[in-house]
Amino acid sequence: MSKEITSRQQDYSQWYNDLIIKSGLADYSAVRGCMVIKPYGYALWENMRDELDRMFKETGHQNAYFPLFVPKSLFEKEEENAEGFAKECAVVTHYRLKVNPDKKGALMVDPESRLEEELIIRPTSEAIIWNTYKSWIQSYRDLPLLINQWANVVRWEMRTRLFLRTAEFLWQEGHTAHATAEEAVAETKQMLEVYADFAEHYMAMPVIKGVKSANERFAGAVDTYCIEALMQDGKALQAGTSHFLGQNFAKAFDVKFSDKQNKLDYVWATSWGVSTRLIGALVMAHSDDDGLILPPRLAPIQVVIVPIFKGEEQKRLIDEKVVPLMKELKAVGIKVKYDDSDHTRPGWKFAEYELKGVPVRIAVGARDIEKNLVEVARRDTKGKLNMSLDGLAINIEKLLHAIQENIYNKAFSFRETHITNADAWDDFVRLLDEKGGFVSAHWDGTGDTEDRIKEMTKATIRCIPLNNQQEDGNCILTGKPSTQRVLFARAY
RNA sequence: CGGGGCGUAGCGUAGCCCGGUUAUCGCGCCUGCUUUGGGAGCAGGAGGUCGCAAGUUCGAAUCUUGCCGCCCCGACCA
């Protein structure tokens, strides 16, 4: 065993780190808080990105790219947004280095190169984008403006975790402008649906759609909608957000349009984003102590074929079967890899591809070929069965669908059994401590109560679910009247 | 930024308390042969600023001081 993974039970955090590193998704880097996304991890991100990008375009959005740097004077224009991010901004103050006269071979910041105005490295791009939109929008005919950008952003975090929270991360941010509030709200909700659809159908990860409480709302937003997922350790994870920004940014950046009656008004805005954090979510939602379990629809490799042979002659016979099989599989759109390298033996390959979470493994040996069979192993259940070489591609395709469905169902039933009602404070605390997951409880609607609950239990309101059932009750902490339950959880 | 832990070959480690030739072991790597249905075996081989810098000493991986880096837990946050 050359690649030991810490078990989830032993140390969940270490299990997560082991998985990321040993499966080859990412690596630590020489920069504190920043990671290297390795080819396998980046391939996974590309698959996620491509699907999302397609969905954005289907809903009428176009991609563009805005600068990494935001002049401080622009950044501070929308006050709430600026203050919300102030504590985690990297700031460029100089534009030049010079040879250090006191230390050979060393460079120093040239004190004479101080910028007249500091540049903020974007933690998000509302400021630079709304400053630009001002010149793009004059008339209702320019609306709606539906733009997305794929970019990196920097948030100077105290404590980082691979994929879940790094100082620099990759994401997409959609920024739209609309003529009416209704239209902007509809856009906000539409993108939330896109995210939920992606999470459930591609990541096989069930999510709860909801609205954030005021405390958890995006700085500068009127409403923040979110999708919340549940990880195997019972902690919640915000997987995506979609914000209705009202006219806050339009007012801060003076973006007005003339309507059909030639009346001037500020435009209505939205922004929405998901990041490489989704990879962390994917890992924690499905994987086990043997490695990753990737959903077939996103896996960089969906099927790996491992030949088992003694000598050149057998290898040649296997090749004769595998080459056409590869063609068949590719013809039905399956991403297949034939690992016929002779550097490692079959057993090593089995373990390695399990670690990497490849959904299906096909082993082909001389014995199988005599019987016109292959051994098919699925990663999610570890089950093995023999399948005929005839019509194999179709059966593998079916199997991939079944795996996609199975890991979704598994995650779904875990999630369903981890939403628990609490009506008494003691139960509330005990559920958080002992069971984890979402605790559904009444709340008096005040930020103060939410803060106190967070202080006492480390749990926050993850969201108020959309279409939430209305029922009379009493706040779990204060006993004040409440009309609905909200979801509490400890979160990443 | 507080608490804890760690830094010795690509990875994981022994040695450190109690200073003393050539720094231990495993995995990985290279060569060759045998192997191949769950992380192969044998033989040979390469690979080291012991995190960095000062200090103590005849002599430092080991003792002292300072610094750096990373991981885990907390505060903060997506």
Side-chain angles (χ1 to χ4, degrees), chain A residues 1-6 10-18 20-22 27-35 84-89 123-124 153-173 195 212 215-219 224 226-229 236-243 272-281 290-291 306-312 314-315 318 339-355 361-369 371 373-375 377 382 384 386 454-455 458 460 462 490-492:
Chain A
M1 291 295 192
S2 61
K3 289 186 177 176
E4 286 280 348
I5 296 173
T6 307
Q10 198 186 336
D11 184 343
Y12 193 84
S13 296
Q14 195 55 48
W15 164 79
Y16 175 79
N17 287 335
D18 283 356
I20 303 285
I21 301 295
K22 292 178 180 178
D27 217 340
Y28 294 109
S29 76
V31 191
R32 178 181 13 145
C34 296
M35 64 174 180
F85 283 105
K87 283 182 293 184
E88 45 190 318
C89 286
T124 181
V153 288
V154 169
R155 296 181 186 176
W156 211 263
E157 299 291 348
M158 291 290 181
R159 196 175 150 221
T160 56
R161 298 198 64 186
L162 293 166
F163 287 114
L164 295 177
R165 183 169 295 107
T166 46
E168 179 192 9
F169 58 91
L170 305 183
W171 78 342
Q172 58 70 216
E173 45 183 325
Y195 289 155
K212 287 294 188 187
N215 285 12
E216 299 281 321
R217 192 183 292 149
F218 176 71
T224 288
C226 62
I227 51 171
E228 291 284 327
L237 185 139
Q238 178 175 304
T241 49
S242 184
H243 315 290
W272 27 275
V274 296
S275 71
T276 37
R277 174 176 238 213
L278 288 178
I279 294 178
D290 295 320
V306 177
I308 297 160
F309 58 94
K310 295 181 193 177
E312 288 298 309
Q314 283 191 358
K315 174 66 172 35
I318 291 166
D339 187 350
D340 65 345
S341 77
D342 204 18
H343 306 303
T344 52
R345 296 159 38 113
W348 192 92
K349 292 175 186 172
F350 292 176
E352 183 65 15
Y353 292 108
E354 276 163 13
L355 177 59
R361 178 186 72 234
I362 300 176
V364 194
R367 289 198 315 242
D368 302 311
I369 284 176
K371 291 180 258 177
L373 294 174
V374 292
E375 181 195 80
K382 292 288 203 95
K384 291 181 194 176
N386 290 323
K454 183 178 178 184
E455 224 170 278
K458 290 175 196 157
T460 48
R462 299 321 302 156
R490 292 190 182 135
Y492 278 99

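Protein chains get the first letters and strands the later ones, always in sequence-line order, with residue 1 at the start of each. Both backbone and side-chain heavy atoms feed into the values below; hydrogens, waters and symmetry mates do not.
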**Report entry** side chain to side chain donor-acceptor pair (under 3.5 Å) partners for Lys382(A), two or more places apart
**Finding:** Asp290(A)

Query raised in the report: Please give, in whole Å, the distance from rU36(B) P to Ile318(A) CD1?
Result: 12 Å

Query raised in the report: Among rG37(B), rC76(B), rG38(B), which nucleotide sits nearest the side chain of Ala363(A)?
Result: rG37(B)

**Report entry** Spacing of His343(A) atom NE2 relative to rC27(B) atom P, expressed in whole Å
**Finding:** 20 Å

Report task. Taking ring pair (Phe, Tyr, Trp, His ring centres under 6.0 Å) as the test, write out the residues that go with Phe309(A), two or more places apart. Result -> none

Query raised in the report: Side chain of Lys458(A), base of rG74(B): donor and acceptor closer than 3.5 Å?
Result: no

**Report entry** Lys349(A) side-chain N/O to Asp339(A) backbone N/O, donor-acceptor pair under 3.5 Å
**Finding:** yes

Query raised in the report: Who passes side chain to side chain donor-acceptor pair (under 3.5 Å) against Arg490(A), sequence neighbours left out?
Result: Asp433(A)

Pull out every protein N or O sitting under 3.5 Å from an N or O of nucleotides 69-71 of chain B, one pair per line with the distance.
residue	atom	partner	partner atom	Å
rC70(B)	OP1	Arg32(A)	N	3.3

Report task. Would you mind reading off the distance between Ile308(A) atom CD1 and rG39(B) atom P, rounded to a whole angstrom? Result -> 12 Å

**Report entry** Options rU36(B), rG39(B), rG38(B), nucleotide nearest the side-chain atoms of Trp348(A)
**Finding:** rG39(B)

Report summary line: Taken to the nearest whole Å, CG/Asp342(A) to P/rA40(B) is 13 Å

Report task. Among rC76(B), rA78(B), rU36(B), find the nucleotide with the atom closest to the side chain of Pro346(A). Result -> rU36(B)

Requested in this report: State, to 0.1 Å, how close Val274(A) and Gln172(A) come at their nearest heavy-atom pair, and which atoms those are.
Outcome: N-OE1, 2.8 Å

Query - Sidechain-backbone polar pair: Tyr195(A) side chain, Cys226(A) backbone, donor-acceptor under 3.5 Å - result: no

Query raised in the report: So, Gln314(A) side chain and Lys310(A) main chain: donor-acceptor pair closer than 3.5 Å or not?
Result: yes

Query raised in the report: Using Watson-Crick and G-U wobble pairs with both distances under 3.5 Å, what is the 5'-to-3' dot-bracket string of RNA chain B, with [ ] for crossing pairs and | for pairs outside the strand?
Result: ((((((((.[[[..)....(....]]].((((((.....)))))).....[[[[[..)....]]]]])))))))....

Requested in this report: Tell me whether the OP1 or OP2 atom of rC76(B) has a side-chain N or O from Lys87(A) closer than 4.0 Å.
Outcome: no

Query raised in the report: Is there a side-chain polar atom (N or O) of Arg361(A) under 4.0 Å from OP1 or OP2 of rG38(B)?
Result: no

Query raised in the report: If you look at every strand shown and take non-hydrogen atoms under 4.0 Å, does Thr166(A) touch a base, only sugar-phosphate, or nothing?
Result: base

Pull out every protein N or O sitting under 3.5 Å from an N or O of nucleotides 32-34 of chain B, one pair per line with the distance.
none

Query raised in the report: By side chain to side chain donor-acceptor pair (under 3.5 Å), which residues pair with Ser242(A), not counting sequence neighbours?
Result: none

Report summary line: Heavy-atom nearest pair, Ile318(A) first then Ile308(A), reads CD1-O, 3.2 Å

Query raised in the report: Any side-chain donor-acceptor pair under 3.5 Å between Thr6(A) and Asp18(A)?
Result: yes

Query - OP1 or OP2 of rA78(B) under 4.0 Å from side-chain N/O of Arg277(A) - result: no

Query raised in the report: For Lys212(A), which contact category applies under a 4.0 Å heavy-atom criterion: base, sugar-phosphate, or nothing?
Result: nothing

Query - Nearest-angstrom distance from the residue atom CD1 of Ile5(A) to P of rG39(B) - result: 16 Å

Query raised in the report: If you look at every strand shown and take non-hydrogen atoms under 4.0 Å, does Glu375(A) touch a base, only sugar-phosphate, or nothing?
Result: base

Query raised in the report: Taking only residues two or more places apart in sequence or in another chain, which ones pass ring pair (Phe, Tyr, Trp, His ring centres under 6.0 Å) with Phe85(A)?
Result: Phe218(A)

**Report entry** Residues forming a ring pair (Phe, Tyr, Trp, His ring centres under 6.0 Å) with Phe169(A), sequence neighbours excluded
**Finding:** Trp171(A)

Query raised in the report: Residues in salt bridge (charged side-chain N to carboxylate O under 4.0 Å, His left out) with Arg462(A), at least two apart?
Result: Glu216(A), Glu228(A)

Query raised in the report: Looking at rU36(B), rA78(B), rA75(B), which one has an atom nearest to any side-chain atom of Ser275(A)?
Result: rA78(B)

Report summary line: Sequence neighbours excluded, the answer for side chain to side chain donor-acceptor pair (under 3.5 Å) partners of Glu354(A) is Arg361(A)

What N/O pairs connect the protein and nucleotides 6-12 of chain B at under 3.5 Å? Give each pair on its own line.
none

Requested in this report: Answer with base, sugar-phosphate or nothing: what part of the nucleic acid does Leu164(A) contact at a heavy-atom distance below 4.0 Å?
Outcome: base

Query raised in the report: Within the structure shown, what part of the strands sits under 4.0 Å from Ala219(A) by heavy-atom distance: base, sugar-phosphate, or nothing?
Result: nothing

Report task. Would you kindly give the CD-to-P distance between Glu455(A) and rG74(B), to the nearest whole Å? Result -> 16 Å

Query raised in the report: Would you find a donor on one side and an acceptor on the other, under 3.5 Å apart, between the side chain of Arg155(A) and the backbone of Glu88(A)?
Result: no

Report task. Measure from the side chain of Ser13(A), starting at C-beta and using heavy atoms only, and say which of rG37(B), rG38(B), rC72(B) lies closest. Result -> rC72(B)

Report task. Let me know the distance between CG of Leu355(A) and P of rG39(B), rounded to the nearest Å. Result -> 16 Å

